[in-house]
Every structure is written in C-alpha cells, then in structure tokens.
Amino acid sequence: MKLDGKVALVTGGARGIGREIALLFAGQGADVAICDVNIETATATQKEIEELGRRALSFQADVTVLKEVENMMNIVLDNFKHLDILVNNAGITRDNLLLRMTEEDWDKVIAVNLKGVFNCMKAASRSMLKQRSGKIVNIASIIGIMGNAGQANYAASKGGIISLTKSIAKEFASRNICVNAVAPGFIQTSMTDKLTQEQRGAMLANIPLNRLGVPSDVARACSFLASSDSDYITGQTIVVDGGMSM
Ligand code: NDP
C-alpha cells in the first residue's frame with residue numbers, strides 16, 4: 001500500500017477534513033496519531049482508525065501551545081519510534097468585516113491557523129531532520145491566495161501558511177524533507193455549514209466543476225503529497241477547488 005510502514009500525525013484530525021485524511025492514510029497502511037481540542041471526538045476517530053487495522057493515538061492538544069505540541073510529539077515518537085508525515089490541518093474561522101473584527105478574533109485565528117503550523121513543524125523537525133526524510137502537508141485555503149471580504153484574519157493566516165511552507169521547504173530540502181500546502185476551495189464540513197443557503201448558491205455559481213467539494217477531495221491530494229509519488233515536489237501549493245479560483 002501507498003503509505004505502508006509510515007507514521008502520520010494529523011492535527012485537528014477528529015472531524016471534518018482532518019478525520020478524512022487520517023482515515024485515508026490508515027486505509028493506505030499508515031499508523032496515525034491525531035490531536036484535537038475535543039478529546040471525545042478524537043477518541044471516536046482513533047477507534048475508526050484502529051478498526052482499519054492500524055495503530056492509532058489521540059491527543060487533547062491545542063496547537064497554539066508549543067509545550068502541548070512538544071509533549072504530544074514525544075509520546076508519538078515513544079510509541080511509534082518515528083514520524084514520517086505531518087499534516088497541519090487544525091484551523092478555525094472568526095469572520096467579520098475589519099471595522100467590526102475584534103483584536104481577540106484576529107489573534108485567535110492567527111494563533112490557531114498560523115502559529116499552530118509553526119509550533120507543529122518546529123516540534124516535528126528534530127526527528128525528521130535526524131532521519132533525513134519526511135513529508136509535511138499544510139492545509140491552507142484559496143482565501144489565502146484570493147483574499148475575501150469579511151475574512152481578513154483567516155486570509156492573512158492562510159496566505160501566511162503558503163509563504164511559511166515555501167520557507168521551510170527551502171530550509172529542509174537538503175535533508176530530503178518535502179514541505180507543501182493544499183489550498184481547498186469550498187468543502188462541505190461543519191466549518192462551511194455556517195453559511196446560508198444564499199451564500200452557498202453564490203459559491204456554487206463560481207465553481208466550474210459545478211459541485212461543492214467533499215473532504216475526500218482534499219484528503220486524496222494530501223495522500224499524494226504524503227507519499228513517494230510526490231518525492232520531487234516541494235514548496236508548492238496544490239489548489240483543490242473545482243476550478244473556483246482560476
Ligand atoms: P472543522 O471545523 O470541521 O475541523 C477543524 C478541526 O480542527 C476540528 O476538529 C477542531 O476541533 C480542530 N481544532 C480547532 N482548533 C484547534 C486547536 N487549537 N488545536 C487542535 N485542534 C484544533 O474544519 P474543516 O475540516 O472544514 O477544516 C480543516 C482545515 O481545512 C482548516 O485548516 C480549514 O481552514 C481548512 N479549509 C477548510 C475549507 C472548507 O471549506 N471546509 C476550505 C479551505 C480550507 P474541535 O472539534 O474541538 O472544534
């Protein structure tokens with residue numbers, strides 16, 4: 001199988017896109033650790049991974065807290081002995097127009113979406129650099145490329161992920177570690193359930209492939225970037241949006 005013998009860590013892996021990535025990787029032969037702020041959903045997803053015949057770990061860890069991330073990484077390495085794939089998927093929205101956006105909502109989104117990626121890459125880097133191999137996949141968004149009214153904090157965090165990805169790709173290339181990003185468009189999860197029927201209709205009108213995305217559309221792109229199929233690709237952002245942003 002594509003990811004046989006590999007160990008992966010997926011942040012925000014309890015539900016939505018992260019859960020789909022974790023289950024696809026397990027189905028492709030990887031042992032998978034997930035972290036989330038909600039331990040009940042994380043434990044349920046851990047069980048689903050184990051039902052696929054793989055080893056799994058779940059953590060209640062907040063990606064904004066470096067100490068929690070480092071503790072989690074140590075436990076993953078103690079249990080699984082190596083870490084081959086890191087998917088930085090945890091993300092949140094706190095949308096509002098700039099005039100109404102609070103400082104707290106700005107700081108929170110930057111902390112989870114951008115600092116969280118920094119924390120996890122930093123914590124994973126020691127073992128990946130030592131083993132001279134690794135795949136890091138950061139979940140950005142087409143909003144980080146296009147911008148969006150009412151999402152200044154989210155757009156800045158996701159645009160930041162794309163340039164952070166390129167920088168670390170350059171830093172880690174000599175150690176055979178590939179660092180890439182996936183930028184989803186409109187994917188049906190609880191994050192987009194918040195949108196009104198009218199907003200959904202407007203989105204759909206701008207999607208050439210004429211359907212909303214589903215988590216597996218994103219998970220398959222992540223699997224490509226996590227596998228040896230993409231060994232000569234680094235610093236790139238793969239857009240998964242049904243053609244919406246072209
Ligand atoms: P969901 O809200 O469904 O899932 C996000 C997950 O991240 C949840 O399990 C959540 O935990 C977890 N999480 C939130 N904050 C933290 C934190 N501080 N530490 C650890 N885990 C945390 O979102 P999606 O599955 O839709 O989104 C996944 C990623 O894809 C995000 O980065 C998002 O920005 C990106 N994306 C999504 C798009 C979409 O259309 N859905 C489009 C473009 C990008 P909890 O369950 O406790 O809330």
Side-chain angles (χ1 to χ4, degrees), residues 9-24 33-46 48 58-73 86-95 105 107-120 123 137-148 151 153-162 164-165 181-195 199-200 202-204 206-207 211-222 237-242 244-245:
L9 171 65
V10 182
T11 70
R15 62 191 175 94
I17 293 170
R19 170 179 167 275
E20 197 72 27
I21 295 168
L23 293 177
L24 179 64
I34 57 169
C35 80
D36 215 283
V37 276
N38 182 329
I39 192 63
E40 277 97 53
T41 42
T43 309
T45 304
Q46 177 188 353
E48 289 185 281
S58 59
F59 298 92
Q60 184 165 32
D62 180 344
V63 293
T64 67
V65 185
L66 182 59
K67 199 81 214 143
E68 288 187 22
V69 172
E70 285 173 340
N71 285 342
M72 167 175 74
M73 216 59 82
L86 168 67
V87 182
N88 286 305
N89 163 80
I92 59 166
T93 52
R94 295 281 187 279
D95 298 349
D105 283 347
D107 287 345
K108 183 73 186 164
V109 168
I110 299 295
V112 176
N113 296 8
L114 188 54
K115 187 182 174 198
V117 177
F118 162 80
N119 282 345
C120 294
V137 184
N138 297 324
I139 307 298
S141 165
I142 56 164
I143 302 304
I145 300 169
M146 302 164 67
N148 198 21
Q151 289 198 302
N153 49 2
Y154 187 76
S157 71
K158 295 299 188 176
I161 287 179
I162 292 170
L164 175 61
T165 298
V182 171
F186 188 111
I187 310 297
Q188 292 177 74
T189 67
S190 61
M191 186 176 272
T192 47
D193 283 347
K194 297 171 198 158
L195 297 176
Q199 287 170 318
R200 280 162 178 274
M203 294 258 188
L204 196 54
N206 288 315
I207 302 175
R211 68 168 175 88
L212 305 181
V214 290
S216 60
D217 292 318
V218 180
R220 286 197 298 270
C222 293
T237 299
I238 296 185
V239 174
V240 181
D241 71 347
M244 190 177 175
S245 62

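In each ligand, atom 1 is the first atom listed, and ligand 1 is the first ligand listed.
Among the atoms of Thr189, some N or O lies under 3.5 angstrom from an N or O of ligand 1. For the pair Ala14 and ligand 1, the shortest N or O to N or O distance does not fall below 3.5 Å. Checked against a 3.5 angstrom limit, the closest N/O atoms of Thr192 and ligand 1 fall outside it. Annotation: Cys35 places no N or O atom under 3.5 Å from an N or O atom of ligand 1; distance criterion only. Polar contact check, Thr64 against ligand 1: no nitrogen or oxygen pair lies under 3.5 Å apart. Annotation: Tyr154 places an N or O atom under 3.5 Å from an N or O atom of ligand 1; distance criterion only. Some N or O of Ser190 is nearer than 3.5 Å to an N or O of ligand 1, by distance alone.
Here the options are Thr93, Val63, Ile92, Asn138, the test is side chain to side chain contact (heavy atoms under 4.5 Å, CB included), and the partner is Asn113; only Ile92 passes. With Asn119 as reference, Leu66 is the one residue of Leu66, Thr11, Val65, Asn88 to meet the side chain to side chain contact (heavy atoms under 4.5 Å, CB included) rule.
Ligand 1 places these atoms under 4.0 Å from at least one heavy atom of Phe186: 40 (O). Per-residue contacts place Ile139 under 4.0 angstrom from the following atoms of ligand 1 (heavy atoms of the residue considered): 29 (C), 30 (O), 35 (C). Listed by number with element, the atoms of ligand 1 under 4.0 angstrom from any heavy atom of Asp62 are 17 (C), 18 (N), 19 (N). Near Ser141, the atoms of ligand 1 lying under 4.0 angstrom from a non-hydrogen atom of the residue are 43 (C), 44 (C). Of all the atoms in ligand 1, the ones that sit under 4.0 Å from a non-hydrogen atom of Val112 are 15 (N), 18 (N).
By the 4.5 Å heavy-atom criterion applied to side chains, Gln151 and Lys158 are not counted as neighbours. With a 4.5 Å cut-off on side-chain heavy atoms, Ser216 and Leu24 do not count as touching. Residues Leu195 and Met203 are in side-chain contact: their nearest non-hydrogen atoms beyond the backbone lie under 4.5 Å apart. At a threshold of 4.5 Å between non-hydrogen side-chain atoms, the residues Leu9 and Met73 count as touching. Contact check for Ile187 versus Thr192: no side-chain heavy atoms found under the 4.5 Å cut-off.
Arg200 has a carboxylate O that lies under 4.0 Å from a charged side-chain N of Asp193, or vice versa, which qualifies the two as a salt bridge.
Compare Ala61, Ala140, Gly116 by their heavy atoms: the one nearest to atom 20 (C) of ligand 1 is in Ala61. Among Gly16, Gly91, Gly13, the residue whose heavy atom sits closest to atom 5 (C) of ligand 1 is Gly91. Here the shortest heavy-atom distance to atom 15 (N) of ligand 1, taken over Ile92, Leu195, Ile187, belongs to Ile92.
Here the shortest heavy-atom pairing between Val10 and Gly18 reads CG1-O, 3.7 Å.
A heavy-atom separation below 4.0 Å is found between Gly185 and ligand 1.
With a 4.0 Å cut-off on non-hydrogen atoms, Gln188 does not touch ligand 1 at all. Residue-level proximity to ligand 1 for Asn38 is carried by backbone and side chain together, each with a heavy atom below 4.0 angstrom.
Atom 37 (C) of ligand 1 has Ile17 CD1, 3.7 Å as its closest protein atom, hydrogens excluded (heavy atom only).
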